[in-house]
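The chains referred to below are lettered A, B, ... by the order of the sequence lines, with proteins before strands, and numbering in each begins at 1. These figures come from a predicted structure and were not determined experimentally.
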Number of protein chains: 2
Amino acid sequence: MERKPTDIRQEEIKSAVLSIIFRDGLKKITTRNIAREVGLSEGSIFRHFNSKKDIILSIMDNVINDLIESLREISLKDSPPADRLHDYLCKTVTYLIENKGITILLFSEASYENDPEMISKLNYIFHSQRQLAGKIVSDGIALGIWNESISVEDFSTLFMGIPTTLNIEMILNLDKFEHLNFCKRMFDLVLKILEKQ
Amino acid sequence: MERKPTDIRQEEIKSAVLSIIFRDGLKKITTRNIAREVGLSEGSIFRHFNSKKDIILSIMDNVINDLIESLREISLKDSPPADRLHDYLCKTVTYLIENKGITILLFSEASYENDPEMISKLNYIFHSQRQLAGKIVSDGIALGIWNESISVEDFSTLFMGIPTTLNIEMILNLDKFEHLNFCKRMFDLVLKILEKQ
DNA sequence: TCCATAAGTAAGTGTTTGCTTGCAAATATA
DNA sequence: TATATTTGCAAGCAAACACTTACTTATGGA
């Protein structure tokens with residue numbers, strides 16, 4: 001059989017997991033199915049990961065490296081806060097649409113396994129998102145653009161609801177979901193909260 | 001052994017499921033564990049429900065009867081829309097806090113099993129909530145109290161994000177979560193979107 | 001009092017699960 | 001070329017799972 005180095009196989013395995021979820025649902029993520037999807041024997045999967053849990057943890061690391069780091073870049077830019085907030089939201093929405101099912105995988109596995117390592121990684125992802133969004137709002141307030149009486153904490157909570165609702169809507173009616181201009185529409189709504197009256 | 005009629009046992013079983021989730025996590029909901037929690041043999045569980053799936057479906061029915069019907073009542077009241085929206089939000093928040101883990105159970109099971117019956121019930125729950133919130137907003141606009149240029153659809157999406165975020169926060173840091181005045185604070189924020197400028 | 005029915009149990013069933021073992025062969029390094 | 005390491009596979013492991021079976025016993029209406 002064809003042989004490939006571990007780092008390549010690891011990516012193939014993680015990608016297989018996401019394909020299976022999207023096509024067949026969460027229940028079908030078994031080491032047998034993953035092996036078949038990659039085109040390896042089941043035993044080989046355990047050459048490249050110590051456990052099934054490690055595969056999920058590694059997928060979480062991908063989310064951190066891809067999504068969170070992009071959001072961090074946007075949040076720390078010099079551009080006007082309104083532009084940043086808009087980009088931030090659109091980046092999140094795009095990522096979720098392009099990686100359908102990834103957050104439900106993360107939340108389901110974490111709450112299913114009740115595993116501290118998973119919960120901790122999820123915590124990092126969630127609270128990074130919150131904190132980075134909060135920074136943009138703080139900047140806007142500091143610049144005198146936005147209403148200084150708004151609680152940054154509370155706004156961030158509300159803001160975080162947008163991607164999570166998007167996720168749920170995608171689970172419930174994948175096909176019907178109308179994401180045209182979704183981020184722009186949501187952005188216009190939340191801007192009303194921030195603007196000085 | 002003590003014998004009880006099916007309808008009593010069914011409630012005991014459903015209640016046991018929720019206790020197990022809260023105490024031990026989703027993975028521990030096995031028919032063995034449920035039986036032990038109720039104090040029955042595993043076989044007896046199947047006297048009262050045809051399958052494990054039916055237990056979850058029945059819990060979903062409880063959510064529909066308890067939460068959704070309360071929300072419907074609030075939504076259809078005659079009181080001022082702002083009062084109704086506030087009550088609506090607080091009712092949801094209270095329910096989620098008192099029934100910790102119930103929504104993650106529903107979403108996880110539905111997306112894990114990928115079962116049409118479960119997805120359909122979840123759809124009903126989610127879209128009822130959306131629609132009932134939307135009605136309050138429509139009423140407010142019709143009465144000339146709120147900004148008529150706001151999209152009721154988009155507002156409802158944003159509004160639905162509040163309970164879902166609450167859920168996630170509760171999974172991630174159950175103990176630390178500060179829910180004092182949570183609903184009031186969120187209500188004040190979203191009111192800024194609705195008010196005429 | 002009789003007896004159908006409902007509610008209980010112990011001891012299984014087959015299947016699926018994540019993972020291991022023992023060994024072969026490809027690849028990299030000396 | 002010699003050898004150590006890595007990658008692969010087939011077969012199989014124990015444990016866990018939802019659920020069934022065969023049988024017993026309590027309950028309640030005729």
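- A:Lys91 is linked by a side chain to side chain donor-acceptor pair (under 3.5 Å) to nothing, counting only residues two or more places apart in sequence or in another chain.
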Inset, instruction - Determine, stepwise, if the pair B:Ile162 / B:Phe182 fulfils side-chain contact (heavy atoms from CB on, under 4.5 Å). - result: CA-CA 10 Å; B:Ile162 299 171; B:Phe182 178 80; 3.8 Å; yes
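- Every residue two or more places apart in sequence or in another chain was checked for a side chain to side chain donor-acceptor pair (under 3.5 Å) with A:Thr164, and none qualifies.
- Residue pairs meeting the disulfide bond (SG atoms under 2.5 Å apart) criterion with at least one partner in residues 101-134 of chain B, sequence neighbours excluded, do not occur; the list is empty.
- For B:Arg72, the salt bridge (Lys or Arg N to Asp or Glu O under 4.0 Å) criterion is met by B:Glu69, not counting sequence neighbours.
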N/O contacts under 3.5 Å, protein versus nucleotides 15-19 of chain D?
{"unit_1": "D:dA18", "atom_1": "OP1", "unit_2": "B:Lys52", "atom_2": "NZ", "d": "2.8"}
{"unit_1": "D:dA18", "atom_1": "OP2", "unit_2": "B:Thr31", "atom_2": "N", "d": "2.9"}
{"unit_1": "D:dA18", "atom_1": "OP2", "unit_2": "B:Thr31", "atom_2": "OG1", "d": "3.1"}
{"unit_1": "D:dC19", "atom_1": "OP2", "unit_2": "B:Lys52", "atom_2": "N", "d": "2.7"}
{"unit_1": "D:dC19", "atom_1": "N4", "unit_2": "B:Glu42", "atom_2": "OE1", "d": "3.3"}
{"unit_1": "D:dC19", "atom_1": "N4", "unit_2": "B:Glu42", "atom_2": "OE2", "d": "3.3"}

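- Rounded to an integer number of Å, the gap from OH of B:Tyr112 to C1' of C:dT16 is 10 Å.
- Residues satisfying the salt bridge (Lys or Arg N to Asp or Glu O under 4.0 Å) test with B:Arg9, not counting sequence neighbours, are B:Glu12.
- The distance between atom CZ of A:Phe49 and atom P of D:dG8, rounded to the nearest whole Å, is 13 Å.
- A:Arg32 meets the salt bridge (Lys or Arg N to Asp or Glu O under 4.0 Å) test with A:Glu42; sequence neighbours excluded.
- Going from atom CD of A:Glu109 over to atom C1' of C:dT17 covers 13 Å, rounded to whole Å.
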For nucleotides 23-25 of chain C, list the nitrogen or oxygen atoms of the protein found under 3.5 Å from its nitrogen or oxygen atoms, one pair per line.
{"unit_1": "C:dA25", "atom_1": "N3", "unit_2": "A:Arg3", "atom_2": "NH1", "d": "3.0"}

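- Remark: A:Ser44 is not in phosphate contact with D:dG8, judged by side-chain N or O atoms under 4.0 Å from OP1 or OP2.
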Polar atoms only, N or O, under 3.5 Å: list the protein pairs with nucleotides 28-30 of chain D and their distances.
none

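- Atom pair A:Ile34:CD1 and C:dG18:P shows a separation of 7 Å (rounding to whole Å applied).
- Rounded to a whole Å, the CG atom of B:Leu40 is 16 Å from the P atom of D:dA26.
- Between the side chain of A:His127 and the main chain of A:Asn123, a donor-acceptor pair closer than 3.5 Å is present.
- Between B:Ile8 atom CD1 and C:dA6 atom P there is a gap of 16 Å when expressed in whole angstrom units.
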What donor-acceptor contacts under 3.5 angstrom involve side-chain atoms of residues 188-196 of chain B, with partners at least two apart or in another chain?
{"unit_1": "B:Asp188", "atom_1": "OD1", "unit_2": "B:Lys184", "atom_2": "NZ", "d": "2.9"}
{"unit_1": "B:Asp188", "atom_1": "OD2", "unit_2": "B:Lys184", "atom_2": "NZ", "d": "3.3"}
{"unit_1": "B:Lys196", "atom_1": "NZ", "unit_2": "B:Gly144", "atom_2": "O", "d": "3.0"}

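- Taking B:Asp115 as the reference, B:Lys53 meet the side chain to side chain donor-acceptor pair (under 3.5 Å) condition, with sequence neighbours excluded.
- OP1 and OP2 of C:dA6 both lie 4.0 Å or more from every side-chain N or O belonging to B:His48.
- Here the P atom of nucleotide C:dA7 and the CD1 atom of B:Ile13 are 11 Å apart, to the nearest Å.
- With sequence neighbours excluded, no residue forms a side chain to side chain donor-acceptor pair (under 3.5 Å) with B:Ser79.
- One atom, CG of A:Asp7, and another, C1' of C:dT27, lie 15 Å apart when rounded to the nearest Å.
- Nucleic acid contact for A:Ile45: none, since no nucleic acid atom lies under 4.0 Å from a heavy atom of the residue.
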